[in-house]
2 protein chains.
Amino acid sequence: MPSVIMNPPDALAQRLADSGLRSTPQREFIYGVLMKKRDHPTADEVYARVRADLPSISLATVYNCLETLVQCGLIRVVNFERGPTRYCPNLSPHAHFHDEQSGTIHDIDLPADLLEKVASILPPGFDAKSVEVTFRGKSQPAA
Amino acid sequence: MPSVIMNPPDALAQRLADSGLRSTPQREFIYGVLMKKRDHPTADEVYARVRADLPSISLATVYNCLETLVQCGLIRVVNFERGPTRYCPNLSPHAHFHDEQSGTIHDIDLPADLLEKVASILPPGFDAKSVEVTFRGKSQPAA
DNA sequence: CTAACAAATTGGAATGGTTCTAAGTAGCAA
DNA sequence: TTGCTACTTAGAACCATTCCAATTTGTTAG
Ligand SMILES: [Mn+2]
Ligand SMILES: [Mn+2]
Ligand SMILES: [Zn+2]
Ligand SMILES: [Zn+2]
């Protein structure tokens with residue numbers, strides 16, 4: 001047994017193992033990209049960022065890995081109209097504000113009680129697995 | 001002046017005129033398709049339906065006319081994930097329930113006071129021009 | 001009515017994000 | 001070592017939508 005103290009397994013390796021999937025450099029770096037700059041990048045933007053560390057990664061792999069991370073529940077998918085799919089690292093319940101001018105996406109905290117009220121408008125017979133709240137408009141640049 | 005009594009101008013002709021646009025058979029029939037079966041068809045589905053009356057209409061024209069109707073505020077655009085854009089004839093405030101099994105879209109009435117509460121979660125500096133509420137899940141077939 | 005002009009339609013090509021495919025690579029197990 | 005499976009890769013294919021250039025239609029002016 002080596003004297004090296006084992007690091008606690010990171011969230012990614014753990015989740016992948018739970019799903020019977022392997023931890024690969026591509027998955028690790030892509031996950032890192034999402035965790036580091038917590039915005040809402042497109043697959044192309046993730047591709048551009050991860051190429052700094054993995055110059056030979058392919059765009060197909062970026063799509064594959066992002067899909068894997070979504071399946072593992074580590075990131076979420078966000079879509080605005082027909083624009084390219086974006087990926088969101090924020091797992092807490094929130095709405096999205098899409099600034100039309102800048103194209104920026106802002107996370108808006110969504111209180112649990114409001115989420116409940118929204119879900120309660122569904123007539124009997126409707127069983128919602130997910131609720132999405134999306135705003136579009138102008139936002140002041142942050143102070 | 002002809003003795004024919006003039007029909008009250010329909011909503012479409014009126015709205016088009018207001019925008020300096022012409023009333024064309026293509027626009028009239030496409031609008032009719034949306035008003036008749038008040039579901040959420042894709043451009044292809046509209047194309048299929050309108051070809052019964054206008055066999056020589058082109059898909060490009062279907063896209064053009066639908067966009068025109070949206071600009072005139074007569075119909076609305078709805079998107080689910082990356083699926084083809086759908087068109088909604090219901091102009092009152094409502095949420096959409098997307099049945100994953102059947103692919104059906106259901107309109108869910110959205111009370112004005114709830115819409116207000118939802119809009120009120122926006123911090124100062126955010127000016128929303130539109131709010132969208134979307135559910136995804138299973139729905140019982142209507143009785 | 002005709003001529004001129006602008007608006008609208010058309011078929012087909014181009015676009016762009018995403019998915020598919022087939023071939024290669026890497027890690028693990030017997 | 002061999003075999004097995006998962007994973008990555010490059011590039012082709014896909015498909016909803018937009019663009020383009022040519023034609024048709026409608027409107028207006030003479
Ligand atoms: Mn945008
Ligand atoms: Mn669907
Ligand atoms: Zn988010
Ligand atoms: Zn609707």
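Computed from heavy atoms alone, side chains included, the values below leave out hydrogens, waters and symmetry copies.
Nearest nucleotide to the side chain of B/Leu59, out of D/dT17, C/dT18, C/dG17: D/dT17. Out of C/dT18, D/dT9, C/dT10, the shortest distance to the side chain of B/Ala60 is found at C/dT10.
Whole-Å rounding puts the A/Leu54 CG to D/dC7 P distance at 16 Å. Taking atom CG of A/Asn64 as the reference point, atom P of C/dG17 lies 18 Å away to the nearest angstrom. When rounded to the nearest whole Å, the span between OH of B/Tyr87 and P of D/dA16 equals 12 Å. Note: CG (B/Leu69) to P (C/dA8) measures 12 Å, nearest angstrom. Look at CD on B/Glu45: it is 13 Å from C1' on D/dA16, rounded to the nearest Å. If you measure from atom CD of A/Glu67 to atom P of C/dT19, you get 7 Å, rounded to the nearest angstrom. The CD-P distance, from B/Glu28 to C/dA8, rounds to 13 Å in whole Å. As a whole-Å value, the separation of B/Tyr47 OH from C/dG12 P is 10 Å.
Note on A/Tyr63: every side-chain N or O is 4.0 Å or more away from OP1 and OP2 of C/dT19. At D/dA16, none of the side-chain N or O atoms of B/Thr85 fall inside 4.0 Å of OP1 or OP2 (strictly under the cut-off). The shortest distance between the side-chain N/O atoms of B/Ser58 and the OP1/OP2 oxygens of C/dT10 is below 4.0 Å. One finds no side-chain N or O of B/Arg82 lying less than 4.0 angstrom from the OP1 or OP2 phosphate oxygen of C/dG17. Here A/Thr61 does not reach the OP1 or OP2 of D/dC7: none of its side-chain N or O atoms lies under 4.0 Å away.
Judged by distance alone, the side chains of A/His40 and A/Asp107 do bring a donor and an acceptor atom under 3.5 Å apart. Side-chain polar atoms of A/Thr104 and A/Asp99 form no donor-acceptor pair below 3.5 angstrom.
Among the heavy atoms of the strands, none lies under 4.0 Å from B/Thr42.
Side-chain contact between B/His94 and B/Cys88 is present, with heavy atoms from C-beta onward closer than 4.5 Å. When side chains are defined from C-beta on, A/Lys37 does not count as touching A/Glu45, because their heavy atoms never get closer than 4.5 Å. Side-chain atoms of A/Val77 and A/Tyr87, non-hydrogen and from C-beta on, do get closer than 4.5 Å to each other.
For the pair A/Arg27 and A/Tyr31, the cation-pi criterion (under 6.0 Å, within 45° of the ring axis) is not fulfilled.
Taking every heavy atom of residues 16-26 of chain B and every atom of DNA chain D, pairs under 4.0 Å involve B/Arg22, by number.
Both B/Phe29 and B/Val62 belong to a common hydrophobic cluster when Ile, Leu, Val, Met, Phe, Trp and Tyr are linked at side-chain heavy-atom distances under 4.5 angstrom.
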